[in-house]
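As structure tokens, the structure follows; a few thoughts come after it.
All residue numbers in this chain count up from 1 along the given sequence. Heavy atoms only: backbone and side chains are in, while hydrogens, waters and symmetry mates are out.
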Amino acid sequence: MQKSSNAVELLTADHRAIAALFAAFDVLSTSGAPQPDKAAAASAICVALSVHAQIEEEIFYPALRAGAIGAAMIDEVEVEHLLAKDLIAQISGMQPNDALYDARVRVLRESNDQHGAREESALFPRARRSGLDLTTLGAAMAARKLQLLTEYRVLAGDRPRFDAAGDAVGRRALAHRGAPVGAGMAA
């Protein structure tokens with residue numbers, strides 16, 4: 001995982017990495033690649049977007065709200081997350097040869113592109129000017145991201161499945177048993 005010096009840089013790097021995953025899916029989709037390859041690419045997109053959204057929702061957005069930075073905009077980007085999570089749940093419950101599979105991935109990409117552009121052009125500049133300690137915030141986000149990615153790898157058989165909240169099915173159940181997800185398991 002790429003280390004970043006602050007929260008905005010970490011999130012911007014995520015945006016670029018996720019765009020690359022969508023580009024790879026597009027190549028597979030248009031080249032007639034084997035269905036398991038498309039499924040793996042879509043799964044990687046779903047995991048990356050889910051983890052990205054979760055660190056924003058758990059750490060970044062609350063810090064911005066506490067600093068009275070862009071509350072209305074944060075409301076809007078959180079609604080965009082809800083829409084993305086719905087598509088992620090739909091995609092993860094499908095097979096690549098199902099009707100509208102590629103269309104759902106394309107719509108998720110378009111939504112994500114708009115979401116990222118909104119954050120980068122309006123929300124991130126406010127965060128930079130806010131006086132928040134973006135380095136400390138970035139470190140917390142990077143640690144949480146690593147934890148989430150580890151949890152998803154623990155859950156990933158062939159493909160993780162996502163519920164309507166955009167969470168890997170079973171991750172919450174594992175976490176609620178009292179032990180950290182992935183405890184005692186090789187990563």
Side-chain angles (χ1 to χ4, degrees), residues 1-23 25 42-92 104-152 155 160-169 171-172 175-176 181:
M1 179 173 64
Q2 175 186 355
K3 297 207 177 202
S4 199
S5 61
N6 74 50
V8 170
E9 290 172 2
L10 182 144
L11 295 173
T12 301
D14 275 1
H15 290 169
R16 301 301 171 265
I18 291 166
L21 292 173
F22 276 115
F25 179 87
S43 180
I45 290 166
C46 291
V47 168
L49 279 174
S50 295
V51 168
H52 177 80
Q54 193 161 344
I55 64 172
E56 284 182 331
E57 292 169 2
E58 290 180 1
I59 301 168
F60 189 64
Y61 296 160
L64 295 181
R65 282 188 193 283
I69 302 163
M73 185 177 299
I74 295 167
D75 290 346
E76 292 172 12
V77 294
E78 285 184 333
V79 170
E80 291 170 351
H81 280 193
L82 293 172
L83 298 172
K85 289 174 185 180
D86 182 54
L87 280 170
I88 288 168
Q90 290 177 43
I91 293 164
S92 75
R104 282 181 172 89
V105 175
R106 279 192 298 274
V107 169
L108 181 60
R109 179 185 191 165
E110 291 166 6
S111 173
N112 184 68
D113 288 350
Q114 291 172 355
H115 174 80
R118 176 196 302 257
E119 285 183 334
E120 289 181 26
S121 68
L123 195 58
F124 292 175
R126 289 181 185 182
R128 285 186 195 101
R129 293 187 306 264
S130 70
L132 287 174
D133 182 352
L134 295 177
T135 301
T136 300
L137 199 57
M141 292 166 60
R144 181 65 173 136
K145 181 177 178 179
L146 180 59
Q147 178 186 25
L148 290 167
L149 288 171
T150 301
E151 291 173 9
Y152 279 101
L155 289 173
R161 311 223 10 118
F162 297 87
D163 62 20
D167 199 4
V169 173
R171 188 169 67 77
R172 276 190 232 132
H176 289 295
V181 176

Problem set entry | Leu49 CG to His115 NE2 distance, which is reported to the nearest 0.5 Å | 9.0 Å

Problem set entry | Pairing residues for Pro62 by the side chain to side chain contact (heavy atoms under 4.5 Å, CB included) criterion, not counting sequence neighbours | none

Problem set entry | Under the salt bridge (Lys or Arg N to Asp or Glu O under 4.0 Å) test, residues paired with Arg126 that sit two or more places apart | none

Exercise. Are Glu9 and Leu134 side-chain neighbours, meaning at least one heavy-atom pair lies under 4.5 Å?
Worked result: no

Problem set entry | Exercise: identify the closest heavy-atom pair between Cys46 and Ser50 | O-OG, 2.7 Å

Seminar exercise, completed: Distance col, row Glu119:CD vs Ile74:CD1, nearest 0.5 angstrom, shows 10.0 Å

For this session: Tell me, please, which residues at least two apart from Arg16 pass salt bridge (Lys or Arg N to Asp or Glu O under 4.0 Å).
Result: Glu120

Exercise. Is Ser130 reaching over with its side chain to a backbone N or O of Ala127, donor-acceptor style, under 3.5 angstrom?
Worked result: yes

Seminar exercise, completed: Between Val105 and Phe22, the two heavy atoms sitting closest are O-CE2, 3.6 Å

Exercise. With side chains defined as the heavy atoms from C-beta onward, is the minimum distance between Val47 and Leu149 less than 4.5 Å?
Worked result: yes

For this session: With sequence neighbours excluded, tell me which residues meet side chain to side chain contact (heavy atoms under 4.5 Å, CB included) with Ala48.
Result: Ile18, Leu21

Exercise. In chain order, what residues pass the salt bridge (Lys or Arg N to Asp or Glu O under 4.0 Å) check against Asp75, with sequence neighbours excluded?
Worked result: Arg65

Problem set entry | From OG (Ser92) to CZ (Arg104), nearest 0.5 Å | 11.0 Å

Seminar exercise, completed: Between the CG atom in Asn112 and the CD1 atom in Ile45, the distance rounded to the nearest 0.5 Å is 9.0 Å

Problem set entry | Thr150 side-chain N/O to Leu146 backbone N/O, donor-acceptor pair under 3.5 Å | yes

Exercise. Of all residues at least two apart in sequence or in a different chain, which pass the salt bridge (Lys or Arg N to Asp or Glu O under 4.0 Å) check with Arg118?
Worked result: Glu76, Glu80

Problem set entry | Point-to-point distance, once rounded to the nearest 0.5 Å, from CD1 of Ile88 to OG of Ser43 | 10.5 Å

Exercise. When rounded to the nearest 0.5 angstrom, what is the spacing between CZ in Arg144 and CD in Glu58?
Worked result: 4.0 Å

Problem set entry | For Phe25, ring pair (Phe, Tyr, Trp, His ring centres under 6.0 Å) partners two or more places apart | none

Seminar exercise, completed: Those residues at least two apart in sequence (or on a different chain) that pass ring pair (Phe, Tyr, Trp, His ring centres under 6.0 Å) with His52 are His15

Exercise. Mind checking whether Phe60 and Leu137 have side chains closer than 4.5 Å, heavy atoms only?
Worked result: yes

Exercise. Could you go step by step and tell me if Met141 and Leu11 meet the side-chain contact (heavy atoms from CB on, under 4.5 Å) rule?
Worked result: CA-CA 9 Å; Met141 292 166 60; Leu11 295 173; 3.4 Å; yes

For this session: With sequence neighbours left out, write down each residue that passes side-chain hydrogen bond (donor to acceptor under 3.5 Å, both in side chains) with Asp133, or none if nothing qualifies.
Result: Thr136

For this session: Please say which of Leu87, Ile91, Leu83 ends up in a side chain to side chain contact (heavy atoms under 4.5 Å, CB included) with Val107.
Result: Leu87

